[in-house]
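When reading the values below, keep in mind they use all heavy atoms of this one structure, side chains included, and skip hydrogens, waters and symmetry mates. Below, chain A is the first sequence line, B the second, and so on; all start at residue 1.
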Protein chains: 2
Amino acid sequence: MTQPNQKNSHSEIPIACVACHAREGGVCGTLSPSQLAQVVRKTARRRVQPQIEIIGQGDGIEHCAAIVRGVVKLSKMLADGRQQIVGLQFAPDFLGTPFLRECSLSAEAVTNVDLCVFPRALIERLAAEAPDLQRRLHVETLKKLCAARDWMLTLGRKTAKERVANFLYLVATRINFEDGPAREFDLPLSRADIADYLGLTIETVSRQITRLRKEGVIRVENRRRIIVPDIRRLMKNASIDS
Amino acid sequence: MTQPNQKNSHSEIPIACVACHAREGGVCGTLSPSQLAQVVRKTARRRVQPQIEIIGQGDGIEHCAAIVRGVVKLSKMLADGRQQIVGLQFAPDFLGTPFLRECSLSAEAVTNVDLCVFPRALIERLAAEAPDLQRRLHVETLKKLCAARDWMLTLGRKTAKERVANFLYLVATRINFEDGPAREFDLPLSRADIADYLGLTIETVSRQITRLRKEGVIRVENRRRIIVPDIRRLMKNASIDS
DNA sequence: CGAAGATTTGATAACAATCAAGGCTGGTGG
DNA sequence: CCACCAGCCTTGATTGTTATCAAATCTTCG
């Protein structure tokens, strides 16, 4: 990794950002070189291992972050321990909710994750000055809202088999930043996490993966690795329209 | 009520907006008098009856609206007819997703609804000029995202009884703009819609309402009217924390 | 009053959860 | 290198919750 704080001569794009996966497509993409420089000064790169909590449920969240690499799960828990994953975030998604304090959820790395962490206050100040940034953050939130609502349909109305197929489709689609659906990929989640994402038990998840395998919809190389010979067929099993 | 399109002398707040329920708390609240005047010129008041579709699934959405009065359901449907309500919007919520085109869902009035309808393009233009408006819209979207994720927990991990109690709590909380939870209220939805909101069948919804009634958690005056003697008890039955 | 639609209630069936083993895999140490 | 252990995953048996099917009742409205 390049060192975080270098810049080349004429206040160009900071070197730390030049090759950054999360810049194009990510929120940083809207910033001018001078704004980027400003951000970089207050920014910390952080590497997080799987199962490490990034933000706790109910934290007064003083930081935001861009995911540079890896997958983060967002989850909510009931007092008795029942848990629901309410979002999976892949690079180059933005983490954290500037402008809103009250929404309690916890964020945890599920793979090795690289983050660019910013103070919330800085983002809020920059957003007030830069309409493009504000708008970019807004659009990202709208996309998350759309994804959340799609998932509500999955949770409320789909069968166990459809949910599992839907999950596999989602991972295939999002695991590779900015390519089409992957034909072959590693699941970022354990069976337990998949269950928590789908509102099922691990046993049911396991049985449905077995079923999809026996029906030839997927191949299972090992616990984590999945091959999808025909993405349309997977979509049909997930009751995904288009 | 005052008449809709008059203005008083010095380009003050348009009369149509002065007493508007949706202005304070709503997105219009951030607009200056002159911006409001601009908006009012391009705005249509619209009254919509129950079961009338406001936006169709997959429409290229050219309009947005503020809910002035009433309740709107947002829903998604699968090819085979299974349906899930993914959001209930009460006055003074904002409808529509400026800045994002692709999210397909349908919006339908569930009560008599009064709307202020704006061209999407106007909102986008104003938002680019007025950071406060952009920010206000962003915050509203963040709140909807938070609500959607809360509901994912309900759909994924709660029992039928908890879901119904959760729904009753939600209505009690939101039916009266800006008061505390109502002790007594009319359900805006039919049993069929409640079922579609909760990912259940109408029979199960009915049985759970009966159960909550028999246990004394609620009283049922008639099909629509509910009385909640003890809101804390209802929350406990819904497994809502605080 | 009668009819249509909405809601409730009852009986049964299906799907997923739970309880309980058993098997695989990856890591560790002999 | 192999054996063993722990954790994760799969499979099997059974139970329980909710869906489905069916009918009765209640409401509303002409």
Next on the checklist: Let me confirm one number: the CZ-CG distance from B:R219 to B:L212, rounded to the nearest 0.5 Å.
Outcome noted: 14.5 Å
Item to check | Length of the line joining B:R211:CZ and D:dT17:P, which is rounded to integer Å | outcome: 9 Å
Next on the checklist: Looking at the base of D:dC21, is there any donor atom on it, or on the side chain of B:E203, that sits under 3.5 Å from an acceptor on the other one?
Outcome noted: yes
Item to check | Value in whole Å for how far the C1' atom of C:dC15 lies from CZ of B:R82 | outcome: 13 Å
Next on the checklist: If only side-chain N and O atoms count, and only distance matters, is there a donor-acceptor pair under 3.5 Å linking B:E162 with B:T159?
Outcome noted: yes
Checklist entry - Is the base of D:dC8 touched by the side chain of A:R223 through a donor-acceptor pair closer than 3.5 angstrom? => result yes
Item to check | Minimum side-chain heavy-atom gap B:I67-B:F90 below 4.5 Å | outcome: no
Item to check | Interatomic distance, A:Q208 CD vs C:dA16 C1' [rounded to whole Å] | outcome: 9 Å
Next on the checklist: Applying a 4.0 Å non-hydrogen cut-off, can you work out what B:L200 is touching in the nucleic acid: base, sugar-phosphate, or nothing?
Outcome noted: sugar-phosphate
Next on the checklist: What I'd like to find out is whether the side chain of A:V72 reaches to under 4.5 Å of the side chain of A:T111, using heavy atoms alone.
Outcome noted: no
Next on the checklist: On the nucleotide D:dT11, are OP1 or OP2 found under 4.0 Å from the side-chain N or O atoms that A:R207 carries?
Outcome noted: no
Checklist entry - Starting at CG of A:N222 and ending at P of D:dG7, how long is that distance when rounded to a whole Å? => result 20 Å
Checklist entry - Between C:dT9 atom P and B:I209 atom CD1, what is the distance in whole Å? => result 11 Å
Next on the checklist: Can you measure A:R157 atom CZ to C:dA16 atom P for me and round it to whole angstrom units?
Outcome noted: 14 Å
Item to check | Interatomic distance where CZ belongs to B:R213 and C1' belongs to C:dT8 [whole Å] | outcome: 9 Å
Item to check | Atom pair CD1/OG of A:I194 and A:S190 - distance to nearest 0.5 Å | outcome: 7.0 Å
Next on the checklist: I need the CG-P distance between B:L198 and D:dT17, as an integer number of Å.
Outcome noted: 18 Å
Checklist outcome for this item: Looking only at D:dA19, C:dT9, C:dA16, the nucleotide nearest the B:T210 side chain is C:dT9
Checklist entry - If you check every side-chain atom of B:R191, which of C:dT7, D:dC9, C:dA17 has the closest atom? => result C:dT7
